[in-house]
Student: 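Please see the structure below; I have some questions.
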Amino acid sequence: MELVRISVRRSLAAAVLAAIPLVTAAGLSAASAADPFVAGQPATRQVGPPDAAAPSVDHARRLLRALGLRDTPGAAALRVEDLLESATYDEVTFRDERGRPTLLVRLRPDGSLRHLARLDAPDTTAPRIDAGRAASRAKAVATASDVPHPGEPVVRDDPSSGWAVAWPRVEKSVPVLGDGTWIRLDRDGTVRSVAITAAALAGQPSAALSELAARQLAERALDRLVVEPTRPQARIADARLAWVAPNDTFDASRPDAPDPTRRLAWVIRVQTTGPLAERMRGFELDLDAGTGELLGGDVLE
Amino acid sequence: MVRRWGRWLAPPLVAPLLLLGTATAAHAGYQGTVAVNDTAFTKPCLGFESAWPDKMYAAARDAFVRLGYATGAYTGAPFTKALILARTPSDWGFYVHSHGDRYYNADGRYYSGFRDDAGRCSGSVVYSKEIAAKRLGRQSNLVLMSACHLGESTTTMPGAFAIEMTKARQLQSNGPEFYVGYVGDAWDSDEATFEQRFWDALGTGTGVGYAFDAAYGAGGWRHPFGADWWGTYYWSGRAGPITTQCPYCV
């Protein structure tokens with residue numbers, strides 16, 4: 001299947017590699033601090049007039065053709081605000097003659113792709129391509145849709161379809177957790193979804209904590225986060241620098257949605273053992289790389 | 001033995017639900033259970049209050065209500081193994097967020113399972129075989145296991161809910177059923193992101209398969225994250241044996 005490179009109004013690749021903050025087009029609303037996401041309520045809502053996103057339909061059609069996906073006559077476009085991501089998108093849904101959704105395309109205000117998904121059940125009997133072909137196929141998809149794909153990807157089984165091929169975002173050798181390009185392929189290599197996340201990065205601290213200092217801070221944090229007698233069952237397994245989205249893992253008073261701006265942090269991986277591991281396999285502490293402040297983290301149950 | 005949907009077209013006889021502890025109000029109809037382990041991840045079991053269980057509880061509970069399930073939602077001490085096993089024969093929908101794994105059972109075999117809360121730091125394991133023994137092949141609608149390892153190809157949990165581990169394609173149907181589970185280790189941040197998107201997409205009325213692909217395909221995972229499903233792609237997710245809410249669904 002031949003793929004044709006298309007041009008977009010602004011290349012997202014350059015924006016990602018240069019760590020330029022995410023730009024939203026003037027005139028489009030962004031999630032306001034007064035109206036944040038609250039868990040239990042929908043995270044997506046329509047914004048703007050009903051025809052605000054209509055111009056995006058043609059752009060989405062061109063993208064589908066470039067990817068070799070069948071275009072359908074029925075298409076509806078909405079401008080949506082995603083409160084989880086603090087971002088606004090044009091969301092185009094294509095439907096077949098029965099009215100079933102067949103394809104979903106989300107475009108950023110600058111026309112670049114945020115997310116594309118095929119909406120039909122995968123053929124579980126199709127011949128399965130190998131990992132090497134999956135990587136090649138994903139590269140072709142990334143090229144055709146003009147999304148960043150530097151270097152060699154990480155290829156994994158995707159249990160729901162076939163293959164998941166990822167290019168995690170890395171800035172000056174430091175990973176940006178949650179960011180990058182992620183392509184899912186069906187068993188036969190047909191594209192199932194394409195996703196690109198590229199958040200804004202906060203400024204780097206003028207002086208970064210050493211790993212030793214970060215580990216020492218983490219040990220003190222663990223003394224209060226893991227109470228006796230289970231404290232000996234939580235041990236630091238790893239420490240690495242990464243850009244993270246501050247969240248409310250350890251402080252429920254923080255907003256329900258993660259911060260849209262990534263901050264440089266020491267991510268301290270904590271491994272649990274014994275009875276503590278029976279209910280929690282581990283967790284991560286994100287310590288601000290400059291101040292040592294606990295920005296959040298994650299829990300592995 | 002998995003009973004096919006054709007034998008279960010009569011509406012169930014479900015009484016209005018009693019409320020326990022932090023359970024929410026229920027409505028007469030097709031029963032659904034939302035159970036979230038909270039005690040293990042809060043004080044005094046830990047030195048902090050993890051924000052994730054409350055958020056996933058709120059999202060799942062409200063989604064089940066919107067989908068028309070007569071929802072009993074439990075977190076903290078009321079979420080016990082006894083409660084789960086007492087309710088499961090009447091459950092058409094089920095959501096649990098907890099520690100999940102393949103656990104060794106006294107019969108010498110391993111089964112998929114999850115831990116209850118019961119107000120303890122480390123709860124009892126609810127084995128899939130125990131759920132199966134209570135349900136006796138009774139069909140279910142929407143099942144989402146928010147736990148590690150319950151979406152792997154070796155999981156025994158879908159069978160407990162009489163959901164065949166197949167993916168019905170276009171124009172085919174396994175009946176109005178859909179099971180979602182996670183593969184390998186699944187961190188709370190990624191689970192919560194997937195689930196919020198999944199519930200949002202389900203709320204558009206376009207169907208469970210659409211919701212899965214829209215949610216899963218959006219990426220943005222903090223860690224490597226895998227999810228899988230079995231059942232019928234084109235189905236609304238709404239409670240009951242027959243749905244009229246989605247014109248192109250089952």
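As a basis for the values below, the full set of heavy atoms in this structure was taken, side chains included, without hydrogen atoms, waters or symmetry mates.
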Student: Taking side chain as everything from C-beta outward and backbone as N, CA, C, O, which of these in A/Pro122 sits under 4.5 Å from a heavy atom of chain B? Side chain, backbone, both or neither.
Tutor: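 For A/Pro122, heavy atoms of backbone and side chain both lie under 4.5 Å from chain B.
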Student: So for A/Arg224, is it side chain, backbone, both, or neither that comes closer than 4.5 Å to the heavy atoms of chain B?
Tutor: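 The backbone, not the side chain.
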Student: Relative to chain B, which segment of A/Leu222 carries a heavy atom at a distance below 4.5 Å: side chain, backbone, both, or neither?
Tutor: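 For A/Leu222, neither part sits under 4.5 Å from chain B.
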Student: For A/Ala117, is it the side chain, the backbone, both or neither that has a heavy atom under 4.5 Å from a heavy atom of chain B?
Tutor: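 Interface part for A/Ala117: side chain.
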Student: The test is side chain to side chain contact (heavy atoms under 4.5 Å, CB included); show your working for B/Phe48 and A/Val226 and say whether it passes.
Tutor: CA-CA 8 Å; B/Phe48 65 95; A/Val226 185; 5.5 Å; no
Student: Distance check, rounded to the nearest 0.5 Å: B/Arg197 atom CZ versus A/His115 atom NE2?
Tutor: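 B/Arg197 atom CZ to A/His115 atom NE2 measures 7.5 Å (nearest 0.5 Å).
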Student: Can you tell which part of A/Arg254 gets under 4.5 Å to a heavy atom of chain B, answering side chain, backbone, both or neither?
Tutor: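 Looking at A/Arg254, nothing touches chain B.
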Student: Please identify each residue that fulfils side chain to side chain contact (heavy atoms under 4.5 Å, CB included) with A/Thr249, with sequence neighbours left out.
Tutor: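 Testing A/Thr249 for side chain to side chain contact (heavy atoms under 4.5 Å, CB included), a comparison that skips the adjacent residues, returns A/Asn247, A/Val299, B/Trp52.
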Student: Measuring from atom OH of B/Tyr234 to atom CZ of A/Arg98, what distance do you get when rounded to the nearest 0.5 angstrom?
Tutor: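 Interatomic distance, B/Tyr234 OH to A/Arg98 CZ, rounded to 0.5 Å: 8.5 Å.
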Student: Is there a side chain to side chain contact (heavy atoms under 4.5 Å, CB included) between B/Cys148 and A/Leu300? Walk through the geometry before answering.
Tutor: CA-CA 9 Å; B/Cys148 299; A/Leu300 179 63; 4.0 Å; yes
Student: Do the side-chain N and O atoms of A/Ser160 and B/Asp228 include a donor-acceptor pair separated by under 3.5 angstrom?
Tutor: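 Note: A/Ser160 and B/Asp228 side chains miss the donor-acceptor criterion.
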Student: Taking NZ, NE, NH1 and NH2 as the nitrogens, is one of them in B/Asp213 or A/Arg118 under 4.0 Å from a carboxylate oxygen of the other?
Tutor: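 Looking at B/Asp213 and A/Arg118, the cut-off is not met.
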Student: Would you mind checking which part of A/Leu84 comes under 4.5 Å of any heavy atom in chain B, side chain (CB onward), backbone (N, CA, C, O), both or neither?
Tutor: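 The side chain, not the backbone.
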Student: Is there a side-chain contact between A/Leu276 and B/Cys121 (heavy atoms, below 4.5 Å)?
Tutor: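 No, too far: nothing below the 4.5 Å cut-off.
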Student: Does B/Gln196 use its side chain to pair, donor to acceptor, with the backbone of A/Gln41 at less than 3.5 Å?
Tutor: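 At least one qualifying donor-acceptor pair exists.
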Student: Does any heavy atom of chain B fall under 4.5 Å from the side chain of A/Arg106, the backbone, both, or neither of them?
Tutor: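 Contact with chain B is absent: no heavy atom of A/Arg106 under 4.5 Å.
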Student: Under 4.5 Å from any heavy atom of chain A, what part of B/Arg222 do you find: side chain, backbone, both or neither?
Tutor: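 Both parts, heavy atoms under 4.5 Å.
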Student: For B/Arg120, check side chain to side chain contact (heavy atoms under 4.5 Å, CB included) against everything at least two apart and list the hits.
Tutor: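 Side chain to side chain contact (heavy atoms under 4.5 Å, CB included) list for B/Arg120, sorted by chain: B/Asp116, B/Ala118, B/Ser124.
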Student: At a heavy-atom separation under 4.5 Å, does A/Val105 approach chain B through its side chain, its backbone, both, or neither?
Tutor: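 Neither part.
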Student: Is it the side chain or the backbone of B/Ala227 that comes within 4.5 Å of chain A heavy atoms, both, or neither?
Tutor: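 Backbone of B/Ala227 only, per the 4.5 Å heavy-atom cut-off to chain A.
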Student: Tell me, for B/Asp54 versus chain A, whether the close heavy atoms (under 4.5 Å) come from the side chain, the backbone, both or neither.
Tutor: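 Contact with chain A is absent: no heavy atom of B/Asp54 under 4.5 Å.
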Student: Check whether A/Arg231 gets within reach of chain B through its side chain, its backbone, both or neither, counting any heavy atom under 4.5 Å.
Tutor: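 Contact with chain B is absent: no heavy atom of A/Arg231 under 4.5 Å.
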Student: Please check if any side-chain donor atom of A/Asp158 sits under 3.5 Å from a side-chain acceptor atom of B/Tyr216, or the reverse.
Tutor: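 A pair is found: one side chain offers a donor N or O, the other an acceptor, under 3.5 Å apart.
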Student: Could you measure the distance from the CZ atom of A/Phe250 to the CG atom of B/Leu46? Nearest 0.5 Å is fine.
Tutor: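 Answer rounded to 0.5 Å: 9.0 Å.
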Student: How long is the gap from CD on A/Glu301 to CZ on B/Phe41, to the nearest 0.5 Å?
Tutor: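 It is 3.5 Å, given to the nearest 0.5 Å.
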Student: Please classify the contact of A/Ala221 with chain B as side chain, backbone, both or neither, using a heavy-atom distance under 4.5 Å.
Tutor: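 Neither part, no heavy atoms under 4.5 Å.
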Student: Without swapping roles, check the side chain of A/Asp298 against the backbone of B/Ser189 for a donor-acceptor pair under 3.5 Å.
Tutor: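 Pair found, side chain donor or acceptor close to backbone of B/Ser189.
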Student: Within residues 180-187 of chain B, which positions have a heavy-atom distance to chain A below 4.5 Å?
Tutor: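 The list, in residue order, reads B/Val183, B/Asp185, B/Ala186, B/Trp187.
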Student: To the closest 0.5 Å, what do you measure between CD (A/Glu278) and CG (B/Asp101)?
Tutor: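 If I round to the nearest 0.5 Å, the distance is 11.0 Å.
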Student: Would you mind telling me which of A/Ser193, A/Gly40, A/Ala39, A/Ala242 has the largest number of heavy-atom pairs within less than 4.5 Å of chain B?
Tutor: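 When all of A/Ser193, A/Gly40, A/Ala39, A/Ala242 are compared, A/Gly40 has the most.
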Student: Measure distances from B/Glu49 to the heavy atoms of chain A and classify the residue's part below 4.5 Å as side chain, backbone, both or neither.
Tutor: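 Interface part for B/Glu49: backbone (N, CA, C, O).
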Student: Between B/Tyr210 and A/Leu119 (side chain of the first, backbone of the second, donor and acceptor by atom type, cut-off under 3.5 Å), is there such a pair?
Tutor: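 No; zero donor-acceptor contacts below 3.5 Å.
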Student: Do any of residues 255-263 of chain A come closer than 4.5 Å to chain B, heavy atom to heavy atom, and if so which ones, in number order?
Tutor: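 Answer by number: A/Asp256.
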